Amino acid sequence: EPEVTQTPSHQVTQMGQEVILRCVPISNHLYFYWYRQILGQKVEFLVSFYNNEISEKSEIFDDQFSVERPDGSNFTLKIRSTKLEDSAMYFCASSGSNYGYTFGSGTRLTVV
Amino acid sequence: SQKIEQNSEALNIQEGKTATLTCNYTNYSPAYLQWYRQDPGRGPVFLLLIRENEKEKRKERLKVTFDTTLKQSLFHITASQPADSATYLCAPLSRNQGGKLIFGQGTELSVKP
């Protein structure tokens with residue numbers, strides 16, 4: 001069964017550093033998303049991406065965040081200057097036209 | 001604002017029994033409602049989607065109902081097994097939501113042998 005692949009599975013970074021989280025969505029999907037989940041809390045929407053541009057973003061997705069689809073297969077989330085409160089699981093997801101979303105296994109980001 | 005409520009307390013049931021999980025929503029007119037399973041440290045896994053014009057949907061041991069008048073969906077697992085232990089998330093989706101899924105906080109199900 002097709003999978004959404006995320007790398008790395010765990011990233012530890014110093015506060016103020018930039019991180020890039022990587023995702024390979026399912027190849028024939030057209031819609032791409034990033035979500036995050038702070039430990040013990042619910043899964044929260046960050047951003048959706050369609051046709052090579054952001055279609056919607058949440059309040060969480062401020063100027064410190066950016067997304068890119070640099071080469072038609074990868075989908076990245078960049079956090080420019082990480083803060084302690086950015087520590088969370090970050091999930092990439094993709095969907096086709098049937099509204100069932102496929103999520104990756106996530107990247108656990110720890111900011112120290 | 002849109003609000004999604006799921007049973008906040010964990011649900012503990014005996015193997016073989018039917019588990020019933022509730023999802024209530026307000027300030028929403030979803031065209032679809034999705035249910036996902038999430039295991040600790042893993043991403044949500046899509047289980048079922050039900051449309052506003054469908055009262056009930058089944059898939060193997062899973063059954064979902066959708067009552068747009070009550071603004072509620074029920075998720076049933078029949079003949080539950082310990083492997084069904086996980087957190088279950090509901091996500092109503094409106095047509096004008098642009099595909100952005102908003103999840104409830106989830107209900108943790110524990111099935112004891």
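Residue numbering restarts at 1 for every chain, and letters A, B, ... go by the order of the sequence lines. Bear in mind the structure is a predicted one, so any value in this text is a computation, not a measurement.
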Original post:
Which atoms form the tightest heavy-atom contact between Gln38(B) and Arg42(B), and what is the distance?
Top reply: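 Shortest heavy-atom separation between Gln38(B) and Arg42(B) comes out as NE2-O, 2.8 Å.
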
Subject >> For the student: nearest non-hydrogen atoms of Ala83(B) and Arg37(B), plus distance >> reply: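 What the structure gives for the nearest pair is O-NH2, 2.8 Å.
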
**OP:** Under 4.5 Å heavy-atom distance to chain A, tell me which part of Leu48(B) shows up: side chain, backbone, both or neither.
**Re:**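 Neither the backbone nor the side chain of Leu48(B) comes within 4.5 Å of chain A.
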
Original post:
Are there residues of residues 105-112 of chain A that reach to under 4.5 Å of chain B by heavy atoms, and which ones?
Top reply: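 Against chain B, the residues of residues 105-112 of chain A that fall inside the cut-off (heavy atoms, under 4.5 Å) are Ser105(A), Arg108(A).
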
Original post:
Would the Tyr50(A) and Tyr31(A) ring centres measure less than 6.0 Å apart?
Top reply: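 Yes, the ring centres sit under 6.0 Å apart.
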
Original post:
Taking the six-membered ring for Trp, is the centroid-to-centroid distance between Phe75(A) and Phe32(A) below 6.0 Å?
Top reply: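 Yes: the rings meet the under 6.0 Å criterion.
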
Subject >> Residue pairs, two or more places apart or on separate chains, that pass side-chain hydrogen bond (donor to acceptor under 3.5 Å, both in side chains) and touch residues 76-87 of chain A >> reply: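 Matches after skipping sequence neighbours: none remain.
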
**OP:** Classify the angle between the aromatic ring planes of Tyr88(B) and Phe75(B) as parallel (below 30°), tilted (30 to 60°) or perpendicular (above 60°).
**Re:**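 Tyr88(B) vs Phe75(B) ring planes: tilted.
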
Subject >> Test applied, side-chain hydrogen bond (donor to acceptor under 3.5 Å, both in side chains); reference residue, Gln72(B); option that passes from Asp67(B), Asn24(B), Thr65(B) >> reply: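 Option passing the side-chain hydrogen bond (donor to acceptor under 3.5 Å, both in side chains) with Gln72(B): Asn24(B).
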
Subject >> Contact leader toward chain B among Gln37(A), Glu44(A), Met89(A), Gln41(A), where contacts are heavy-atom pairs under 4.5 Å >> reply: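 When all of Gln37(A), Glu44(A), Met89(A), Gln41(A) are compared, Gln37(A) has the most.
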
